[in-house]
Amino acid sequence: MSSRLPGHSDPPETTLARIMDERRAKARALRTAGSDPYRNDIGPAISLAEVRARYQATRPASAGDPAAARDKGEGIAPIDGEVHRVGGRAMGKRGFGKTVFVPLRDTTGDLQLYLNVDHLDPGDFAAIVPQLDAGDLVVAEGPAFWTRRGELSILAKRLWITTKALRPLPDKWHGMTDVELRYRQRYVDLAISPEVREVFRRRSQIVTGIRRFLDARGFLEVETPMLHPIISGAAARPFQTHHNALDMDLYLRIAPELYLKRLVVGGFERVYEVNRNFRNEGLSRKHNPEFTMLELYQAYATYTDLMAMTEELFGELAREVSGGTRVAWEGVALDLAPPWRRLSVRDAVRELGGVAEASRIFEDPAFAAEAAIAAGVPAADVVGVLRAPLGDQAGHDAEAVKAGFKDPAQRPGVARALLERYSDLADPEARRIAAGHLGYLVFEATAEAKLVQPTFLTEFPLAVSPLARRNDRDGAFCDRFELFISGKEIANGFSELNDPDDQRSRFLAQARARAAGAAETMDFDEDYCRALEVGMPPTAGEGMGVDRIAMVLTDQPSIRDVILFPLMRPE
RNA sequence: GGGGGCAUAGCUCAAUGGUAGAGCAUCGGACUCUUAAUCCGCAGGCUGAAGGUUCGAGUCCUUCUGCCCUCACCA
C-alpha cells in the first residue's frame with residue numbers, strides 16, 4: 001500500500017517519476033483553485049461525432065485557405081448561437097501564449113478545442129489551462145466555429161479537467177509500436193490508436209451480427225457450464241481446477257458441445273452459445289489458451305444445411321463488417337461470396353497434397369502409414385494410430401520403428417510388420433478406420449495450409465470424428481465438414497451422432513486410444529449416452545472460431561490482435 | 001520444448017570494444033488560427049537481470065527473464 005502513495009511509486013530519479021510528480025502537483029493546484037481533478041459532477045452532453053455531423057454542411061468555401069481568410073479580416077465567428085458541452089481525452093496541447101489548441105478524442109471521434117484568453121472564462125484560463133496536459137480527460141462548453149485552416153472547433157467558454165492523468169501518453173507521432181506493450185497496456189493502445197479501437201468495434205459487430213442472424217432463425221441463446229467434471233466435446237488438453245466445498249476436481253471446458261446436445265434432447269431444437277473455451281496447449285498466431293467459440297445445433301438439419309447457412313452468415317458479416325465479400329488478409333485477396341468450394345479430404349490430399357494414389361491411402365493402412373511418413377508425419381504418431389484399437393495391450397515401440405521408417409526402401413516392410421503385430425487390424429472396418437486416420441494426418445501435413453480461399457472440407461474419416469454421424473454409404477467416413485480460410489480452420493460442423501450404442505463404442509475407442517498413449521482424448525460421458533438413449537432428434541451442429549473470423553474480417557495477422565487481453569507471462 | 005531475432009531516456013530510435021546521443025514528450029522562456037505548431041534554453045540513463053573476458057563492455061562470451069518469428073504441440 002505505502003509503495004503506491006504519491007511520490008513513492010517509482011524511484012524518484014527517473015524521468016517518468018518526475019513527470020508524474022509534476023502532474024500530481026498540477027492536480028494539487030487544481031484542488032487549491034477549488035476544482036476537483038477527479039470530479040464526477042460534469043460530463044459531455046453531445047458526442048464529438050455528433051457535433052461534427054451537425055456542422056459538416058456549414059464548412060465555408062474559404063476554409064482551408066488561411067491567406068484568403070486573413071485578407072478578408074475575419075474574426076472568430078460562431079456558426080450559430082448554440083452552446084455545446086463536449087468531452088474527451090486531450091490528445092495534445094499546442095500553446096500560443098494567449099491561445100491554446102487541444103485536440104479531443106472520445107468514443108466517436110476527434111474534435112478540437114480552441115482555448116483563448118478573450119473567450120474562455122478568465123478564471124478557467126488562469127486556473128485550468130496551465131494544469132492541463134495531454135492525456136487528461138476534459139470537458140468544455142462553447143459554440144462551434146470554423147478555424148481559418150478549416151478545422152471545426154469548439155470556442156470554449158468554460159473548461160473542466162474531469163480526470164487528471166498522471167502518466168504521459170506515448171510518442172504522439174510514432175505511437176506505441178512495441179507489440180508487447182500494446183498487449184500488456186491495451187488501455188494505452190486503445191486510447192491512442194483509433195485503428196485498434198476499430199478492430200475491436202468490428203469484432204463486437206461480428207458477435208452482435210452472429211446473434212442477430214441466429215435469433216432471426218429461431219435459435220435460442222443459452223449458457224452451459226464452463227466447469228466440467230469430465231473432459232468432453234473435443235480432443236484437447238484441459239485446464240484443471242478444484243472446487244473446495246465439494247472437494248471436487250474440475251476442468252475448464254474445452255467445448256460446450258455435449259451440454260448443447262443435451263438441450264436438443266430436451267426439446268430446444270435450435271440452440272447456440274457464444275462463449276469462451278479453454279485449452280491447455282501451445283500459443284501461436286492462431287491459438288490463444290482461451291478463445292471464443294460459437295456453437296450451434298439445429299434439429300432436423302444435416303451438415304449440408306449448415307454449410308449453406310455458414311455461407312449466408314459469413315456473407316452477412318462480411319458485408320456489415322468489411323464492406324463486402326471481397327476482403328484481403330495479409331495481402332492475399334479472399335472472395336467470401338458463396339458458394340464456396342466443397343472438397344473431400346481424399347481429394348484435398350490428391351490435388352493439394354500431390355498424392356496420386358490418395359484413394360489407396362484411405363483404404364490400406366500399410367500404404368497410408370508409408371505415405372504419412374513420407375509426408376513428414378512423426379513415426380510416433382503413425383504407430384499411435386495403428387496401435388489405438390488395441391489400447392494398453394499394445395507395446396510402446398514408436399522409437400523402435402522410427403529408425404526403420406527413416407529409410408524409404410524399408411518403409412513398406414516396417415508398415416506391414418506393424419500391421420501384423422496389431423492383428424486387430426485384420427478386421428476390414430478397423431483397417432479402413434485406421435487408414436482414414438492416417439490419411440487425415442497426411443492431409444494435415446500436405447494440404448491444410450494450402451486452403452486459402454474459403455473451402456468446405458468434407459468426408460472426414462470416422463476415427464478423427466468421435467461425435468459425428470457415420471456416413472450411410474461408407475461407414476469409415478462421417479457426415480462432417482470443416483471450413484478453411486487462409487489455411488486456418490474457421491468452423492467445424494457435422495450431422496450429429498444420435499445412435500447411443502454407436503456413441504458408446506466411439507467413447508470406448510477414445511479410451512483405448514488414450515490407453516495406447518494418445519494425449520488428447522475425450523472421457524467416456526455416461527450421462528451423455530443416457531441423454532442419447534432418451535432420444536435426440538436428427539441434428540446438425542457446428543462450432544466456429546469467433547477470434548479467427550475476426551482475424552479474417554479485420555485483416556489482423558495474429559489472434560492476439562483480436563483479443564483485448566491475450567494471455568501473457570507476468571511482467 | 002527446439003531454432004532464430006529483439007531488449008538503450010516516458011515514447012520512437014542512434015552509438016567500430018574507447019567519455020551513452022537525437023527527435024518527440026516533460027520543465028523554463030517567447031508567441032492570440034495551430035493541427036507532428038515554431039523558436040530559444042535546462043534537465044532527464046545502474047544500456048532487461050546476474051556473472052565472465054578485457055587496461056576498458058551498450059557492444060564480445062555464459063546464464064537467466066520477457067517479447068516477437070518459426071517448428072513442435074494443437075479439431
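All chains are named by letter (A, B, ...) in the order of the sequence lines, taking the proteins before the strands, and each is independently numbered beginning at 1. Side chains included, hydrogens not; waters and symmetry mates left out as well; all remaining heavy atoms used.
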Nearest-angstrom distance, [atom1] atom, [N] to [M]:
N      : M      : atom1 : answer
U47(B) : C13(B) : C1'   : 14 Å
G4(B)  : G41(B) : P     : 48 Å
A36(B) : C42(B) : C1'   : 23 Å
A22(B) : U63(B) : P     : 36 Å
C6(B)  : C60(B) : P     : 9 Å
C46(B) : C11(B) : P     : 13 Å
C61(B) : U16(B) : P     : 16 Å
U38(B) : G23(B) : P     : 12 Å

Of the options [options], whose atoms approach the side-chain atoms of [X] most closely?
X       : options                : value
R184(A) : C73(B), G66(B), A25(B) : G66(B)
R149(A) : C33(B), C73(B), C68(B) : C33(B)
Y183(A) : C68(B), A25(B), U34(B) : C68(B)
V117(A) : C68(B), C33(B), U32(B) : U32(B)
P168(A) : G10(B), U35(B), U26(B) : G10(B)
F101(A) : U32(B), C11(B), C33(B) : C33(B)
V179(A) : G10(B), C67(B), C11(B) : C67(B)
M568(A) : C11(B), C33(B), C67(B) : C67(B)
R560(A) : C67(B), C27(B), C11(B) : C67(B)

Check: [X] side chain, [N] base, donor-acceptor under 3.5 Å:
X       : N      : result
E22(A)  : U26(B) : no
Q112(A) : U34(B) : yes
T177(A) : U12(B) : no
R18(A)  : U26(B) : yes
D171(A) : G23(B) : yes

Relative to each other, are the rings of [X] and [Y] parallel, tilted or perpendicular (30° and 60° limits)?
X       : Y       : result
Y114(A) : F145(A) : perpendicular
F484(A) : F443(A) : perpendicular
F96(A)  : F101(A) : perpendicular

Within this structure, what is the [atom1]-to-[atom2] distance between [X] and [N], rounded to whole angstrom?
X       : N      : atom1 : atom2 : result
E180(A) : U12(B) : CD    : C1'   : 16 Å
I490(A) : C74(B) : CD1   : C1'   : 15 Å
E281(A) : C73(B) : CD    : P     : 12 Å
L181(A) : U12(B) : CG    : C1'   : 12 Å
L115(A) : U35(B) : CG    : C1'   : 14 Å
W146(A) : U35(B) : CH2   : P     : 18 Å
R24(A)  : U26(B) : CZ    : C1'   : 15 Å
R167(A) : U26(B) : CZ    : P     : 17 Å

Answer with base, sugar-phosphate or nothing: what part of the nucleic acid does [X] contact at a heavy-atom distance below 4.0 Å?
X       : answer
G92(A)  : nothing
Y114(A) : base
D118(A) : base
K93(A)  : nothing

Please determine, for [N], whether a Watson-Crick or G-U wobble partner exists with both distances under 3.5 Å, and give it or none.
N      : value
A49(B) : U63(B)
G1(B)  : C71(B)
U19(B) : none
C24(B) : G10(B)
C39(B) : G29(B)

### Message
Does anything in residues 284-292 of chain A come within less than 4.0 Å of RNA chain B? Heavy atoms only, and list the residues if so.
### Response
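Only R285(A), H287(A) qualify.
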
#### Entry: Aromatic ring of F96(A) stacked on base six-ring of C31(B), 5.5 Å, 30°
no

So, [X] side chain and [Y] main chain: donor-acceptor pair closer than 3.5 Å or not?
X       : Y       : result
R23(A)  : A165(A) : yes
D523(A) : I231(A) : yes
K286(A) : S558(A) : no
R105(A) : I192(A) : yes

### Task
Could you please spell out the steps behind the side-chain contact (heavy atoms from CB on, under 4.5 Å) verdict for R158(A) and D124(A)?
CA-CA 7 Å; R158(A) 296 296 316 274; D124(A) 290 352; 2.8 Å; yes

### Query
Starting at the 5' end of RNA chain B and moving along, which residue's nearest nucleotide shows up first, M176(A) or M522(A)?
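Closest to the 5' end, via its nearest nucleotide, is M176(A).
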
#### Entry: Upstream residue (5' side of RNA chain B) when R480(A) and L283(A) are each assigned their closest nucleotide
L283(A)

### Message
Using the rule given for ring-ring contact (aromatic ring centres under 6.0 Å, His included), can you reason through Y303(A) versus F494(A), listing the C-alpha separation, both sets of side-chain angles and the distance that settles it, and then say yes or no?
### Response
CA-CA 5 Å; Y303(A) 76 114; F494(A) 40 84; 9.4 Å; no

### Query
Can a side chain N or O of R94(A) be found less than 4.0 Å away from OP1 or OP2 on A37(B)?
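For A37(B), OP1/OP2 do have a side-chain N/O of R94(A) under 4.0 Å.
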
### Task
Apply ring-ring contact (aromatic ring centres under 6.0 Å, His included) to the pair F314(A) and W340(A), showing each step before the final yes or no.
CA-CA 11 Å; F314(A) 265 71; W340(A) 299 337; 5.5 Å; yes

### Message
A side-chain contact here means heavy atoms from C-beta on lying under 4.5 Å apart; do N277(A) and P256(A) qualify?
### Response
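A side-chain contact exists here, since the closest heavy-atom pair is under 4.5 Å.
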
